[in-house]
Amino acid sequence: MQQYISQLNEAQREPVLQKEGPMIIIAGAGSGKTRVLTLRIAYLMHQGVDAFNILSLTFTNKAAREMKNRIADIVGASEAKNLWMGTFHSIFAKILRSEADKLGYPSNFTIYDSQDSLRAISGIIKEMQLDKDIYKPKQILGRISSFKNSLITVKAYFNDPDLQEADAMAKRPRMGEIYQAYVDRCFKSGAMDFDDLLLKTNELLTRFPEVLARYQNRFRYILVDEYQDTNHSQYLIVRALSDKFQNICVVGDDAQSIYAFRGANINNILNFQKDYQGVQTYRLEQNYRSTRNIVEAANTVMDHNKTKLDKVVWTANDFGPKIKVHRSLTDAEEGRFVASTIFEQKMQHQLNNGHFAILYRTNAQSRAMEDALRKRDIPYRIYGGLSFYQRKEIKDVLCYLRLVINPKDEEALVRVINYPARGIGDTTIEKLTVAANHYKRSIFEIMQNIDRIDLKLNSGTKQKLQDFVTMIQSFQVINENQDAFYLTDHVSKKTGLVQELKKDATPEGMAKIQNIEELLNGIKDFTEGQKEVDGARGSLSEFLEDVALATDLDKDTSDEDRVALMTIHLAKGLEFPHVFVVGMEEDLFPSAMSMSTRSELEEERRLFYVALTRAEHQAYLTYAQSRYRWGKLTDSEPSRFIEEIDGQYLEYLTPAETNYRFKPMVDKDIFGDVDKSKLRLSKPVSSTPPKYITDNQPKPEAAIRKLKPVSSQASSGATNLFDNQLTAGNIVMHERFGRGQVINLEGAGADKKAEIKFEVGGIKKLLLRFAKLEVIG
DNA sequence: CCAATACAGGGGGCT
DNA sequence: CCTGTATTGG
């Protein structure tokens with residue numbers, strides 16, 4: 001333990017050593033906050049705190065998983081096992097499931113994603129016969145979401161004349177009714193949306209003091225990462241839970257608050273000192289990630305914001321190359337610049353694709369980048385956008401599965417009841433919905449009793465409805481006897497989904513079938529992992545919950561070497577040696593929608609700060625003079641953010657448009673001052689010793705590991721002990737299965753599996769990610 | 001009453 | 001460009 005702590009600098013060490021009481025860590029970009037959080041938890045456990053009593057809330061599940069792995073390395077896997085770590089949403093979804101009956105929900109409640117919510121709202125607006133141009137579903141949903149995040153229930157809404165007045169002014173006097181109808185509809189469907197997971201947790205903790213007391217006593221030590229991006233609802237949960245013991249440690253950086261648009265309240269971090277008695281404040285200001293050029297340039301950007309905490313980020317790193325600014329004529333050309341620069345840099349400096357990231361403001365910008373990268377044969381991976389699970393064909397399968405778990409789930413039902421087409425059209429669904437509302441039952445229940453209700457349906461339609469019910473019920477039987485993989489395979493065939501897709505012989509159609517196969521693989525992995533964790537069969541409902549709350553980042557597809565493409569929002573917390581921030585244009589970044597108020601513009605600026613500080617060595621800012629937006633070519637001006645950077649940190653490439661493509665983008669010796677060891681070249685081309693890497697520096701591998709956490713090339717101190725050390729022939733000891741011998745290894749990274757022959761129980765395939773193995777020979 | 005095709009309108013970041 | 005709605009044909 002001591003050896004880990006001694007590797008910290010003083011500012012990092014203090015918060016690790018403070019065991020009790022409220023504390024806030026203001027952590028600048030790249031200052032090693034994850035390290036501090038990790039060690040703080042490990043040290044708590046080292047001092048005898050039971051893992052059971054620690055709650056750690058992170059921003060992504062991936063971050064939680066990585067931290068847990070690191071902690072396991074320090075204190076041991078069996079100790080770390082009981083830690084509660086995860087996002088607000090996933091942790092409280094778990095708690096809500098076990099307490100659901102108190103709130104009148106079934107414990108198998110569905111979690112609606114924003115697509116489901118939007119469809120529900122659209123349906124309500126249609127049923128109420130309102131004009132969807134005035135009652136725009138997206139805006140309505142956004143408003144309901146902000147109500148929920150501020151704990152304004154329907155009742156509270158109708159008790160607040162100001163709110164109603166505001167909606168009346170916006171020509172939406174029936175807002176409250178829609179809110180009511182939406183809440184009713186979700187409740188009737190046994191469903192919670194994302195905001196409900198927090199809202200209902202608050203309801204649980206306020207309405208049931210004994211429940212609150214139970215969780216207060218359980219979570220004696222609470223840690224919250226990315227505190228600047230918590231909303232009011234999350235804030236109240238944290239306050240309530242930490243109220244008894246006051247052992248609350250929050251970490252954040254006001255300069256990186258980028259989620260105000262979805263209700264994050266920057267005041268939560270700005271006012272923390274007022275909220276608790278005797279708050280200790282710590283500041284991590286030394287940046288270990290980026291060159292001095294980048295750190296100082298980013299600081300000059302933030303100087304333009306008025307609202308901020310007093311903090312100076314500095315670094316002892318080398319100056320490094322200047323930030324390169326590039327202009328092109330069109331977005332396509334911008335893409336070509338990026339692709340050819342990556343190509344040349346890879347050649348000249350023997351870099352991997354994984355050293356590069358392309359960050360943009362909006363997902364739509366990825367297309368031009370993709371085209372260019374494809375032409376250069378540069379492998380890439382897009383993060384975010386339409387996530388895998390949101391794709392139509394996948395969501396269709398998932399909705400059938402959701403119905404199996406919770407037949408009341410109305411959004412799932414209306415989505416798949418007539419897909420593939422089985423002759424149940426809008427009119428029939430309309431009749432069913434009316435009946436469901438009348439009898440205050442779910443549509444599925446109406447369908448089950450279709451013979452007892454006169455809905456003026458003709459007998460053919462009735463039969464079709466009954467067939468559908470019978471089909472779902474047969475799936476439910478299978479679900480009781482088989483694992484999720486078998487069921488999903490069965491469902492995709494029996495419903496005719498796969499058949500329907502096979503009709504489409506286009507490449508897109510083929511891709512859809514492949515996607516379903518990928519889903520099946522994912523479920524297979526999951527069920528095996530679950531078997532490993534619980535000793536139970538892989539439960540479908542847990543899989544669905546994982547899926548509903550998964551981020552695209554959470555999915556470790558492979559450890560292939562690829563350029564990363566993602567929005568800046570998604571890049572928060574990540575780092576890359578080379579970063580391209582593309583589309584640096586007015587109206588795009590800053591976004592046209594956020595230039596009306598100062599605070600919105602400041603948020604955009606913080607977003608730019610986040611983008612810049614992702615870069616370890618080289619940042620590029622690129623913009624196009626015109627680009628295709630909404631199918632039309634539109635002119636644009638360079639972003640004001642470029643000008644806001646002090647000129648001394650910039651190098652304008654401004655090449656002659658005609659031939660820039662054929663020239664090297666950058667001078668050969670531009671990287672002369674770069675410490676090659678920090679780039680983690682696979683084959684070092686330079687023998688320059690690492691000048692500025694000292695003992696308390698985070699290891700440079702961290703950068704790569706963040707992208708590919710279980711990279712097979714991880715060096716000493718690898719996060720996953722077994723990933724690298726296990727070979728065929730090893731004798732291993734397993735917690736439950738006992739002694740066994742490794743027969744074979746397959747897969748890589750997160751999917752790496754070992755085939756092990758156990759003395760008792762025979763041959764099993766275990767995902768190394770989950771398996772608790774000890775190598776004994 | 002449902003399915004297939006033509007056409008118009010709208011498009012931000014995410015759990 | 002993609003989705004949601006109007007139209008027309010079965």
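Each chain gets a letter, A, B and so on, in the order the sequences are listed, and its residues count up from 1.
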Query raised in the report: Using a cut-off of less than 4.0 Å, is there contact between a side-chain N or O of A/Lys431 and OP1 or OP2 of B/dC1?
Result: yes
Query raised in the report: OP1 or OP2 of B/dG12 less than 4.0 angstrom from a side-chain nitrogen or oxygen of A/Ser594, does that happen here?
Result: no
Report task. May I ask you to say what A/Asn363 touches in the nucleic acid, namely base, sugar-phosphate or nothing, with a heavy-atom cut-off under 4.0 Å? Result -> sugar-phosphate
Query raised in the report: Can a side chain N or O of A/Ser114 be found less than 4.0 Å away from OP1 or OP2 on B/dC14?
Result: no
Report task. Kindly state whether the pair A/Phe261 / B/dG12 counts as stacked, where counting means centroids closer than 5.5 Å and planes tilted less than 30° apart. Result -> no
Report task. For A/Thr427, report the nucleic acid contact type (base, sugar-phosphate, nothing); a contact means any heavy atom under 4.0 Å. Result -> sugar-phosphate
**Report entry** Separation of atom CG in A/Leu198 from atom P in B/dC14, rounded to whole Å
**Finding:** 18 Å
Report summary line: Heavy-atom contacts, protein to nucleotides 1-10 of chain C, under 4.0 Å, summarised as B (base), S (sugar-phosphate only) or - (none) per nt, yield ----S-----
Query - Test side-chain contact (heavy atoms from CB on, under 4.5 Å) applied to A/Asn458 - qualifying residues, sequence neighbours left out - result: A/Thr461
Query raised in the report: Taking only side-chain nitrogens and oxygens of A/Asn418, does any of them come within less than 4.0 Å of OP1 or OP2 of B/dA3?
Result: yes
Query raised in the report: With sequence neighbours excluded, what pairs up with A/Asp426 under the side-chain contact (heavy atoms from CB on, under 4.5 Å) test?
Result: none
Requested in this report: Give one of base, sugar-phosphate or nothing for A/Tyr259, where a contact means two heavy atoms less than 4.0 Å apart.
Outcome: sugar-phosphate
Requested in this report: Just call it for A/Gln115: base, sugar-phosphate, or nothing, with non-hydrogen atoms closer than 4.0 Å on any strand.
Outcome: nothing
Query raised in the report: What does A/Arg629 touch in the nucleic acid at a heavy-atom separation under 4.0 angstrom: a base, only the sugar-phosphate, or nothing?
Result: nothing
